[in-house]
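The analysis underlying the following values was restricted to heavy atoms, covering all of them including side chains, and did not include hydrogens, waters or symmetry mates. Per chain, numbering begins at 1; letters A, B, ... match sequence-line order.
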Number of protein chains: 2
Amino acid sequence: MQEKYCSWEEKLKSSGGRLTTPRKIIFYILSSTPKHLSAEDIYFIIHKKNPKVGLTTIYRTLDVLVKIGFLNKFDFGDGHSRYELIEAPNKQHHHHLICRKCSKILDYTDFIEEEIKLVKATEKALSRKYKFEIKDHVFQFYGVCDKCKK
Amino acid sequence: MQEKYCSWEEKLKSSGGRLTTPRKIIFYILSSTPKHLSAEDIYFIIHKKNPKVGLTTIYRTLDVLVKIGFLNKFDFGDGHSRYELIEAPNKQHHHHLICRKCSKILDYTDFIEEEIKLVKATEKALSRKYKFEIKDHVFQFYGVCDKCKK
DNA sequence: CTAGTATTGATAATGATTATCAATAACACT
DNA sequence: AGTGTTATTGATAATCATTATCAATACTAG
């Protein structure tokens, strides 16, 4: 049961969705930044060139992308959900360091090896012991960044 | 610089707060359940015996307890913040398994040894490399629980 | 080109959490 | 115990991210 890798366009269509202009723009915006954008962030970016696109559409498109598995939704505790395209095969798995003062988010890829090992083992054991089918996990570190310490 | 262990009452007072009836009730409710209550959960529990206590007071008291370091605030993605008293010295450090379907939350204490080791190492390295002063972390597993699989 | 239907966008609604503010109640001090 | 100061309370309204509604639009298969 090998799943074929396919583009988000293919996946979208094969799930009965339509490839619309707003969706293309939103995906493009997400794919051209390393930042963790919120719906509102995207709204403001879009609005400059395409003032017709509404905030509702942004929320709906983000939902769709999450649902077809191309987007991760995060809650970093600042009152906005934030989104990040799921790593392509050549992108690195990473986690987040979040500053409690300025909400800056830092990706880190250190210790991922060890972490993956631990996660795999934990998942396996927890699945068996608690009959939980684990789908994904969230690891986040909170603290105070360099600038905010001063 | 050893901090003295003290009760929440002491800590509250030493920070200029007052020990009021609603606060005592709310702390009692939190301390007598292993569940992860939301503000509304607490409101309904209180309301049976003390219908005078308002929801606003619940939110404020929870904030206070978080601020003086006796309560943890969690976001499990179901739209309510949830709270859990921070483990007393004899309680176990643990993390959470969250069911995406029924929102059931399971505490687990397995693999905590290994995890602590990894976390310590990660914190140390990340602090040095990114100049982030790490205060705490969130580890959560999401999946589908036994009941919801059927 | 056209019909069928997914999608859009403007608007209103929802729902958790916060702000406001006069009334109340802790508590330090007599 | 009584009192004055001031933190706290509770009823209410406000905020703000996210959702629901629904008529108009625009993909896409045929």
Side-chain angles (χ1 to χ4, degrees), chain A residues 7-29 36-68 71-83 103, chain B residues 7-29 36-68 71-83 103:
Chain A
S7 66
W8 72 279
E9 288 103 327
E10 288 172 310
K11 189 92 180 216
L12 181 69
K13 289 205 160 188
S14 74
S15 69
R18 290 178 182 176
L19 193 55
T20 66
T21 307
R23 288 180 177 175
K24 281 188 256 183
I25 299 174
I26 292 166
F27 189 93
Y28 175 73
I29 289 173
H36 308 78
L37 301 177
S38 67
E40 217 183 16
D41 291 338
I42 296 173
Y43 180 66
F44 283 126
I45 295 171
I46 281 197
H47 206 263
K48 287 181 217 154
K49 297 211 159 191
N50 303 75
K52 284 274 201 72
V53 178
L55 187 53
T56 314
T57 299
I58 317 247
Y59 277 107
R60 280 186 297 223
T61 300
L62 293 170
D63 272 359
V64 168
L65 290 174
V66 169
K67 217 163 270 165
I68 65 174
L71 192 64
N72 265 333
K73 183 178 183 175
F74 289 101
D75 184 328
F76 295 132
D78 65 343
H80 307 253
S81 291
R82 297 185 169 277
Y83 299 84
S103 293
Chain B
S7 66
W8 71 278
E9 289 101 327
E10 289 172 309
K11 189 88 182 220
L12 180 69
K13 288 205 162 189
S14 75
S15 70
R18 289 175 183 179
L19 194 55
T20 67
T21 308
R23 287 180 177 175
K24 280 188 257 183
I25 300 174
I26 292 167
F27 191 91
Y28 176 72
I29 290 174
H36 307 79
L37 300 176
S38 67
E40 216 182 16
D41 291 338
I42 296 172
Y43 180 67
F44 283 127
I45 295 171
I46 282 197
H47 206 263
K48 288 180 217 155
K49 298 211 159 191
N50 304 73
K52 284 274 201 72
V53 178
L55 187 53
T56 313
T57 300
I58 317 248
Y59 276 108
R60 279 185 296 222
T61 301
L62 292 172
D63 271 0
V64 169
L65 290 174
V66 168
K67 217 162 272 166
I68 65 174
L71 192 63
N72 264 333
K73 182 177 184 178
F74 289 102
D75 184 328
F76 295 133
D78 65 343
H80 307 253
S81 291
R82 297 185 168 278
Y83 299 83
S103 292

Is [X] touching bases, backbone alone, or none of the nucleic acid, heavy atoms closer than 4.0 Å?
X	result
Thr20(A)	sugar-phosphate
Ser81(A)	sugar-phosphate
Ser38(B)	nothing

Just how far, in rounded Å, is [atom2] of [N] from [atom1] of [X]?
X	N	atom1	atom2	answer
Leu37(B)	dT17(C)	CG	P	13 Å
Glu9(A)	dC27(D)	CD	P	15 Å
Arg18(B)	dA7(D)	CZ	C1'	4 Å
Asp41(A)	dT18(D)	CG	P	11 Å
Lys24(A)	dC27(D)	NZ	P	8 Å
Lys13(A)	dT5(C)	NZ	P	18 Å
Arg23(B)	dT9(D)	CZ	C1'	9 Å
Ile58(A)	dT7(C)	CD1	P	16 Å

Which one, dT8(C), dT17(C), dT28(D), comes nearest to the side chain of Tyr59(B)?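 Nearest to the side-chain atoms of Tyr59(B), counting from C-beta on, is dT17(C).
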Determine whether a donor-acceptor pair (N or O, by modelled atom type, separation under 3.5 Å) exists between the side chain of [X] and the backbone of [Y].
X	Y	answer
Arg23(B)	Arg18(B)	yes
Asp41(A)	Ser38(A)	yes
Asp75(A)	Gly77(A)	yes

Examine dG9(C): is either OP1 or OP2 under 4.0 Å from a nitrogen or oxygen in the side chain of Thr56(A)? Give yes or no.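 It does not, given that no N or O in the side chain of Thr56(A) lies less than 4.0 Å from OP1 or OP2 of dG9(C).
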Checking side chain to side chain contact (heavy atoms under 4.5 Å, CB included) for the pair Val66(B)/Asn72(B): CA distance, chi angles, key distance, verdict? CA-CA 6 Å; Val66(B) 168; Asn72(B) 264 333; over 6 Å; no
Using the rule given for side chain to side chain contact (heavy atoms under 4.5 Å, CB included), can you reason through Val64(B) versus Tyr59(B), listing the C-alpha separation, both sets of side-chain angles and the distance that settles it, and then say yes or no? CA-CA 9 Å; Val64(B) 169; Tyr59(B) 276 108; over 6 Å; no
On DNA chain C, nearest-nucleotide positions of Val53(A) versus Leu19(B): which is more 5'?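 Looking at DNA chain C, the more 5' nearest nucleotide goes with Val53(A).
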Which sits closer to the 5' end of DNA chain C, Thr61(A) or Gly79(B), going by the nucleotide each is nearest to?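 Of the two residues, Thr61(A) wins.
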On DNA chain D, compare the nucleotides closest to Thr57(B) and Gly16(B); which residue's is nearer the 5' end?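 Between the two, 5'-proximity favours Gly16(B).
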